[in-house]
Amino acid sequence: MKDLHFLRLWDIYNGLLTNTQREITDLYYNCDLSLAEIAEEKGCSRQSVSECLATCRKQFEEYEERLHFLRILTEASLNASFLATDIERTAEAFPEEYRKKLTEILQRDYSQEIASAIEKNKDTLL
């Protein structure tokens with residue numbers, strides 16, 4: 001579970017690492033290489049790889065403590081999930097045609113609309 005937490009932090013904050021730190025953490029967590037394999041590939045000791053991973057973990061925890069991006073994303077995701085669940089439960093009392101339409105809305109992929117809205121409003125959104 002601790003690795004999952006670290007991976008979620010890595011997804012958010014890896015851009016704040018140096019290239020070397022990013023490569024080492026990617027090799028360890030995403031490519032599942034051992035300390036020895038990474039050390040061999042990077043031409044360094046296992047100890048330095050281990051220290052790099054520990055440093056990155058500490059940095060990510062400090063970033064999250066200050067910025068709270070993981071918490072914000074988790075809360076938004078849970079909010080959307082609870083909202084969808086409530087809508088589905090409420091829709092059970094609706095006539096079939098309305099339930100079908102609500103199901104279509106809940107399952108719809110809005111990624112194109114989101115990308116368009118971001119592009120159109122990037123000066124104010126980003």
Side-chain angles (χ1 to χ4, degrees):
M1 257 336 200
K2 191 170 190 168
D3 285 350
L4 178 60
H5 176 71
F6 179 81
L7 282 171
R8 293 181 74 206
L9 292 173
W10 189 89
D11 285 341
I12 295 168
Y13 299 115
N14 78 75
L16 301 174
L17 297 175
T18 66
N19 287 337
T20 301
Q21 287 174 320
R22 193 175 312 108
E23 288 174 25
I24 288 173
T25 54
D26 184 47
L27 291 171
Y28 187 76
Y29 287 101
N30 295 323
C31 298
D32 203 27
L33 296 183
S34 69
L35 297 178
E37 290 169 322
I38 297 168
E40 184 179 325
E41 185 169 319
K42 300 301 286 175
C44 60
S45 68
R46 288 178 55 204
Q47 179 64 31
S48 64
V49 172
S50 178
E51 288 172 5
C52 176
L53 293 170
T55 299
C56 292
R57 263 200 189 102
K58 185 178 177 193
Q59 283 180 281
F60 286 164
E61 293 296 346
E62 289 172 2
Y63 295 149
E64 180 58 21
E65 189 176 309
R66 291 182 180 151
L67 301 172
H68 308 289
F69 289 158
L70 177 58
R71 181 181 181 94
I72 291 166
L73 290 171
T74 300
E75 288 173 356
S77 176
L78 285 170
N79 187 55
S81 178
F82 291 141
L83 177 62
T85 300
D86 282 349
I87 290 170
E88 287 175 0
R89 288 181 182 154
T90 302
E92 290 172 0
F94 291 179
E96 178 65 30
E97 67 183 271
Y98 294 122
R99 282 197 313 263
K100 190 174 181 179
K101 183 64 178 165
L102 278 174
T103 300
E104 289 172 10
I105 291 170
L106 287 170
Q107 294 176 349
R108 184 169 174 215
D109 179 6
Y110 288 93
S111 56
Q112 290 180 340
E113 288 89 343
I114 291 168
S116 175
I118 289 173
E119 183 60 33
K120 222 182 274 186
N121 301 291
K122 64 182 168 188
D123 293 338
T124 57
L125 290 176
L126 303 176

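Throughout, residue positions are numbered sequentially from 1 according to the sequence presented.
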Can you check salt bridge (Lys or Arg N to Asp or Glu O under 4.0 Å) on E61 and K58, steps first, answer last? CA-CA 5 Å; E61 293 296 346; K58 185 178 177 193; over 6 Å; no
The test is side chain to side chain contact (heavy atoms under 4.5 Å, CB included); show your working for L9 and F69 and say whether it passes. CA-CA 9 Å; L9 292 173; F69 289 158; over 6 Å; no
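- Ion pair E92/R89 not flagged as a salt bridge, since none of the NZ, NE, NH1 or NH2 atoms sits closer than 4.0 Å to an Asp/Glu carboxylate oxygen.
- The OH atom of Y29 sits 3.0 Å away from the CZ atom of R57 when rounded to the nearest 0.5 Å.
- Q107 CD to D109 CG: the interatomic distance, rounded to the nearest 0.5 Å, is 11.5 Å.
- Atom CD of E65 has 12 or fewer heavy atoms from other residues, nucleotides or ligands within 6.0 Å.
- Put simply, CD on Q59 and CG on L16 are 8.5 Å apart, with the number rounded to the nearest 0.5 Å.
- Here L106 contributes atom CG and L83 contributes atom CG; the two are 8.0 Å apart, rounded to the nearest 0.5 Å.
- Taken from CD in E88 to CG in L102, the straight-line distance is 9.5 Å, to the nearest 0.5 Å.
- Proximity of a side-chain donor or acceptor of S77 to a complementary backbone N or O of L73 within less than 3.5 Å is not detected.
- Remark: Q112 CD is loosely packed, at most 12 non-hydrogen atoms of other residues, nucleotides or ligands lying under 6.0 Å away.
- Other residues, nucleotides and ligands place more than 12 heavy atoms under 6.0 Å from the CD atom of E75.
- Between E37 atom CD and R46 atom CZ the span is 10.5 Å, to the nearest 0.5 Å.
- Side-chain atoms of N121 come within 3.5 Å of backbone atoms of A117 as a donor-acceptor pair (strictly under, hydrogens ignored).
- With hydrophobic clusters built from ILVMFWY side chains whose heavy atoms lie under 4.5 angstrom apart, I72 does not share a cluster with F82.
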